[in-house]
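Nothing here was measured: the structure is a model prediction, and the numbers come from that model.
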Amino acid sequence: MEDVESCRKEAYGGGMKEPLIQLHKDGKNQSIKESNGVVFLSTFVAVLGSYQFGSCVGFSAPTQSAIRQDLQLSLAEYSFFGSLVTVGAMIGSISSGRIADSIGRKQAMRVSALFSVIGWIAVFLCQGAISLDTGRFLTGYAIGVFSYVVPVYIAEIAPKNLRGGLGTLNQLMIVLGASLAYIIGTVISWRLLALTAVIPGVVQLLGLFLIPESPRWLAKCGYEEECHYALQTLRGNHVDISEEVSAIKNTVSTGNLHKSRPLDLFQRRYLHSIIIGVGLIALQQFGGCNGVGFYSGETFKSAGFASGKIGIIAFACLQIPLTAVAAFLMDRCGRKPLLLVSATGTFLGSFLSATAFLVKAQRPHWLEQWVPLLVLAGVLLYIGSFSIGMGAVPWVIMSEVFPINVKGSAGSMVTLAHWLCAWAVSYTYNFLTDWSFAGTFYLYSGICAATVVFVAKVVPETKGRTLEEIQASMN
């Protein structure tokens with residue numbers, strides 16, 4: 001009985017005994033806004049984890065010289081500090097699915113937020129490399145878990161007509177967190193920047209007391225009454241949820257007949273979902289997004305610009321609004337068209353930049369003055385195209401295509417693939433550009449072209465379909 005009561009409290013958000021929206025007894029309709037109020041609140045609380053993700057990724061860029069000077073760190077020691085976020089994220093991604101399946105989506109976010117807050121406080125208070133590295137590792141672990149659990153939680157609570165747009169907010173908040181970390185980091189000290197990163201974690205810890213647990217996770221754990229209450233709270237009292245509850249229960253009961261282990265992911269019935277999830281994430285990263293984004297300043301310098309700061313400014317000014325546009329278009333145009341347009345745009349942007357660098361290497365004097373502008377146009381086209389589709393849509397689709405009984409293991413695999421590929425691209429970019437800027441961007445353009453083919457042939461459209469309908473079609 002205590003377990004059931006505890007789960008009921010989680011379904012309503014912390015210790016509340018009634019739903020967040022007071023449900024009318026007379027059956028009169030509430031407004032659409034009021035019906036989706038808890039969904040919007042829950043999404044906002046969840047994507048605070050995405051903001052912490054972005055803040056962690058963006059922290060090292062504006063703080064390198066100040067941290068090295070204050071703590072007397074060598075370049076090797078600072079590089080080790082910077083890389084620990086990826087190490088922590090890989091470990092977090094491996095454990096993310098098991099944590100989210102064992103203790104719930106809300107509790108997984110709570111654990112991650114706590115690790116993030118402790119990590120940033122350690123960075124703020126550090127007096128040497130050990131505490132600095134410990135804090136960096138803890139924040140990395142937190143974002144490894146966040147990168148899985150946030151899109152999954154949003155997908156499991158959102159109505160099908162809002163799921164794509166709300167899911168895109170995950171990427172938007174990552175971009176916003178990274179961009180603001182860089183901008184704020186140029187005007188305040190690195191310790192204060194670390195302290196500002198504590199704020200979203202604290203707000204999320206408090207907000208988690210106000211939102212419901214995922215109805216699908218509750219159903220998976222056998223808490224049918226709590227699943228019903230949580231779903232009714234999310235949808236509003238006037239909405240008939242019987243059909244949705246029935247679909248969830250049927251899917252869960254079918255999935256529970258096939259309890260899965262990690263190795264079971266390679267069974268034939270899950271192969272299509274795995275190919276889609278891992279394939280999109282791998283192509284997203286190997287298309288060069290981290291290399292182009294992280295080192296855009298150096299790329300512009302090599303093209304002939306006097307300062308690389310224009311790369312960071314352009315990155316922030318373009319990526320944030322276009323990611324917001326993607327959130328607006330996701331449930332109107334669909335996932336697949338956005339992916340096709342985005343991958344085509346990244347191909348064209350990479351190809352244009354590669355050709356400009358090739359022209360620079362050939363040094364025909366009548367075109368040389370146009371090289372910086374052509375590289376700028378190519379990189380901006382790449383970043384803009386990536387923001388409108390390839391940045392957010394793979395995470396949305398990842399949260400949609402896996403059945404509930406393998407979602408934890410499959411999500412961990414996809415998230416781990418993301419961090420491994422991200423590390424590989426970030427690590428190799430400078431080596432590749434030392435070899436040839438033109439060759440590097442031609443390589444990325446070839447992968448982007450392959451992405452267009454992959455999306456056209458393999459990826460299904462999931463717009464306007466429930467999770468249960470999508471997963472039934474996958475299997």
Study note, to complete from the structure: All heavy atoms of V375 vs all of A356, minimum pair found to be CG2-CB, 3.6 Å

Review point. Nearest 0.5 Å, what's the CG-CD distance between L280 and Q284?
Key: 8.5 Å

Check your understanding: At what distance, to the nearest 0.5 angstrom, does OG1 of T86 lie from CD1 of I91?
Key -> 11.5 Å

Check your understanding: What do you reckon, is CZ of F351 surrounded by more than 12 foreign heavy atoms closer than 6.0 Å?
Key -> no

Exercise for review: Taking Q107 for its side chain and G104 for its backbone only, find out whether a donor-acceptor pair lies under 3.5 Å.
Suggested key: no

Practice item. Say whether, by atom type as modelled, one donor and one acceptor occur between the side chain of S273 and the main chain of V401 under 3.5 angstrom. Key: yes

Check your understanding: Looking only at atom types and distance, does a side-chain atom of S353 sit under 3.5 Å from a main-chain N or O of S350, one as donor and one as acceptor?
Key -> no

Check your understanding: When you measure from the side chain of S412 to the backbone N and O of G97, does any donor-acceptor pair fall under 3.5 Å?
Key -> yes

Practice item. Could you grab the distance from atom CG of L373 to atom CG of L380, nearest 0.5 Å is fine? Key: 10.5 Å

Check your understanding: Do the side chain of K336 and the main chain of P460 share a donor and acceptor less than 3.5 angstrom apart?
Key -> no

Donor-acceptor list for residues 111-119 side chains, cut-off 3.5 Å, not counting sequence neighbours:
unit_1 : atom_1 : unit_2 : atom_2 : d
S112   : OG     : A108   : O      : 3.0
S116   : OG     : Q52    : OE1    : 2.9

Practice item. Check the angle between the aromatic planes of F437 and F357 and answer parallel, tilted or perpendicular using the 30° and 60° thresholds. Key: parallel

Practice item. Report yes if some heavy atom in the side chain of L71 is under 4.5 Å from a heavy atom in the side chain of C126; otherwise report no. Key: yes

Practice item. Test F53 against every option in W395, Y141, W419, Y148 by the ring-ring contact (aromatic ring centres under 6.0 Å, His included) rule and name the one that passes. Key: W419

Exercise for review: Give the minimum heavy-atom separation between S96 and V145, together with the two atoms involved.
Suggested key: CB-CA, 3.8 Å

Practice item. Step by step, work out the side chain to side chain contact (heavy atoms under 4.5 Å, CB included) result for Q204 and L208. Key: CA-CA 6 Å; Q204 185 177 41; L208 286 168; 4.2 Å; yes

Point to revise | Approximate separation, where rounding is to 0.5 Å, of Y51 OH and F44 CZ | key: 10.5 Å

Check your understanding: W217 and K106: side chain to side chain contact (heavy atoms under 4.5 Å, CB included), yes or no, with the steps?
Key -> CA-CA 10 Å; W217 180 80; K106 274 182 60 177; over 6 Å; no

Practice item. Decide yes or no for P159 and N36: does some side-chain heavy atom of the first lie under 4.5 Å from some side-chain heavy atom of the second? Key: yes

Check your understanding: What orientation do F386 and Y382 show, parallel under 30°, tilted 30 to 60°, or perpendicular over 60°?
Key -> parallel

Check your understanding: Considering all heavy atoms of both residues, which atom of L193 and which atom of G185 are nearest to each other, and what is their separation?
Key -> CD2-CA, 3.8 Å

Check your understanding: So, do L172 and L169 sit near enough that their side-chain heavy atoms are less than 4.5 Å apart?
Key -> yes

Practice item. Nearest 0.5 Å please: distance from the CG atom of N161 over to the CZ atom of R332. Key: 10.0 Å

Review point. Quick one: does R136's side chain have a donor or acceptor within less than 3.5 Å of a partner on C56's backbone?
Key: yes

Check your understanding: Are I154 and R163 close enough that some pair of their side-chain heavy atoms sits under 4.5 Å apart?
Key -> no

Check your understanding: Between S179 (side chain) and L176 (backbone), is there a donor-acceptor pair under 3.5 Å?
Key -> no

Revision key, fill the gap. When rounded to the nearest 0.5 Å, the distance separating CZ of F146 from CD1 of I174 is 11.0 Å

Practice item. Take F40 and L162 through the test side chain to side chain contact (heavy atoms under 4.5 Å, CB included) and record every step on the way to the result. Key: CA-CA 10 Å; F40 297 147; L162 297 176; 4.0 Å; yes

Revision key, fill the gap. Correct closest heavy-atom pair for A392 and Q171 would be CB-CB, 3.5 Å

Review point. How about Y442 and W435: are their ring centres within less than 6.0 Å of each other?
Key: no

**Study point:** Listed partners of D101 passing salt bridge (Lys or Arg N to Asp or Glu O under 4.0 Å), at least two apart
**Key:** R105

Check your understanding: What do the steps show when you test L195 against R191 for side chain to side chain contact (heavy atoms under 4.5 Å, CB included), and what is the final call?
Key -> CA-CA 6 Å; L195 195 59; R191 290 189 188 273; over 6 Å; no

Check your understanding: Between I157 and T43, is any pair of side-chain heavy atoms under 4.5 Å apart?
Key -> yes

Point to revise | Check: F454 and L283 side chains under 4.5 Å, non-hydrogen atoms | key: yes

Review point. Pick from I397, L329, L340: which one makes a side-chain contact (heavy atoms from CB on, under 4.5 Å) with R335?
Key: I397

Check your understanding: Any sub-3.5 Å donor-acceptor pair from S342's side-chain atoms to S385's backbone N or O?
Key -> yes

Review point. Can you tell if the side chain of I275 reaches within under 4.5 Å of the side chain of V458, non-hydrogen atoms only?
Key: yes

Revision key, fill the gap. Between S42 and L234, the two heavy atoms sitting closest are OG-CD2, 4.2 Å

Exercise for review: Kindly give the heavy-atom pair with the smallest separation between M398 and P151, and that separation in Å.
Suggested key: CE-CG, 4.1 Å

Review point. Would you say I388 and V325 make side-chain contact, with heavy atoms under 4.5 Å?
Key: yes

